[in-house]
Amino acid sequence: MSRTLELSRYVVEGDQEQQLLAKREAMVKAAKENFAGLIDVTLAKLDDGSYVDAWIWEDRTFCEAAMAQVEGVPAVVDWLQHIGEDVSMEFGT
C-alpha cells in the first residue's frame, strides 16, 4: 500500500464561501468517521480565489470507496453543494 493524495481544485461563488467555510469542520469530522483510510484533509485558498483541497488516504482503494459512498454522508453532501465549479481533480502517490 502507498499513501494517495487526492487533490481537488474548485471555485466557490462569493455568496457561498462563508457557508462552505462554516460547515468545513463538521464535514471533515463526518468524512473521517465514515470513510476508512482517510488520514488528513487540508484546504487552501489560492491567490486567484479558487480553493485547493488535499485529502491524504492510506491507499487509493480507500479514496475510491469513499467516492462511491459519499451520497450516504449528509454532512459531506451538504458541504459539496457550496462548490460552484470543479476545476480539476488529480491523484498522486
Side-chain angles (χ1 to χ4, degrees):
M1 290 186 157
S2 61
R3 289 191 173 171
T4 295
L5 172 66
E6 173 191 354
L7 192 61
S8 303
R9 184 168 173 226
Y10 48 85
V11 176
V12 177
E13 299 300 325
D15 64 337
Q16 295 295 304
E17 187 173 41
Q18 187 175 10
Q19 291 182 36
L20 177 110
L21 296 174
K23 294 178 181 180
R24 176 76 178 180
E25 187 176 330
M27 184 278 295
V28 170
K29 182 178 182 219
K32 288 182 176 180
E33 290 172 353
N34 288 277
F35 302 145
L38 181 57
I39 297 171
D40 196 20
V41 179
T42 301
L43 179 68
K45 186 173 183 178
L46 302 178
D47 288 343
D48 69 359
S50 66
Y51 283 87
V52 171
D53 215 342
W55 292 51
I56 300 173
W57 300 88
E58 289 178 21
D59 185 78
R60 176 89 179 243
T61 58
F62 291 110
C63 175
E64 292 169 353
M67 292 174 104
Q69 300 168 3
V70 73
E71 295 294 324
V73 185
V76 176
V77 172
D78 180 50
W79 184 83
L80 287 170
Q81 68 183 329
H82 298 292
I83 294 174
E85 174 190 350
D86 288 326
V87 175
S88 66
M89 181 174 278
E90 300 177 74
F91 300 91
T93 54

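We number each residue from 1, following the sequence as shown.
Note on Leu43 and Val70: same hydrophobic cluster, where clusters join Ile, Leu, Val, Met, Phe, Trp and Tyr whose side-chain heavy atoms are under 4.5 Å apart, directly or indirectly. When hydrophobic clusters are built by joining Ile, Leu, Val, Met, Phe, Trp and Tyr residues whose side-chain heavy atoms come closer than 4.5 Å, directly or via intermediates, Ile56 is not grouped with Val76. Linking Ile, Leu, Val, Met, Phe, Trp and Tyr residues whenever their side-chain heavy atoms come within less than 4.5 Å leaves Val41 and Leu7 in two separate clusters. Follow the hydrophobic side-chain contacts under 4.5 Å out from Leu46 and you never reach Leu21; the two are in separate clusters.
Between atom CG of residue Asp59 and atom CD1 of residue Ile39 there is a gap of 9.5 Å, rounded to the nearest 0.5 Å. Rounded to the nearest 0.5 Å, atoms CD (Glu13) and NE2 (His82) are 13.0 Å apart. To the nearest 0.5 Å, the span separating CE on Met27 from CG on Leu80 amounts to 7.0 Å. The CD atom of Gln18 sits 11.5 Å away from atom NZ of Lys23, with the distance rounded to the nearest 0.5 Å. A distance of 10.5 Å separates CZ of Phe62 from CG of Leu38, quoted to the nearest 0.5 Å.
Note on Lys29 versus Glu33: salt bridge recorded, some NZ/NE/NH1/NH2 to OD/OE distance being below 4.0 Å. Under 4.0 Å is where a charged nitrogen must lie from a carboxylate oxygen, and between Arg3 and Asp40 no such pair does.
If you run side-chain contact (heavy atoms from CB on, under 4.5 Å) between Tyr51 and each of Val87, Ile83, Val12, only Val12 comes through. Checked options Arg24, Lys45, Arg9; the residue passing with Asp53 is Arg24 (criterion: salt bridge (Lys or Arg N to Asp or Glu O under 4.0 Å)).
Between Phe35 and Trp57, the ring planes are tilted. Angles from 30° to 60° get that label.
Of all the heavy atoms in Ala30 and Asn34, the pair that sits closest is O-ND2, 2.7 Å. Heavy atoms only, all atoms of each residue included: Ser8 and Met89 are closest at OG-CE, 3.2 Å.
Although no hydrogens or angles enter the test, the distance criterion places a donor-acceptor pair under 3.5 Å between the side chain of Trp79 and the main chain of Leu20.
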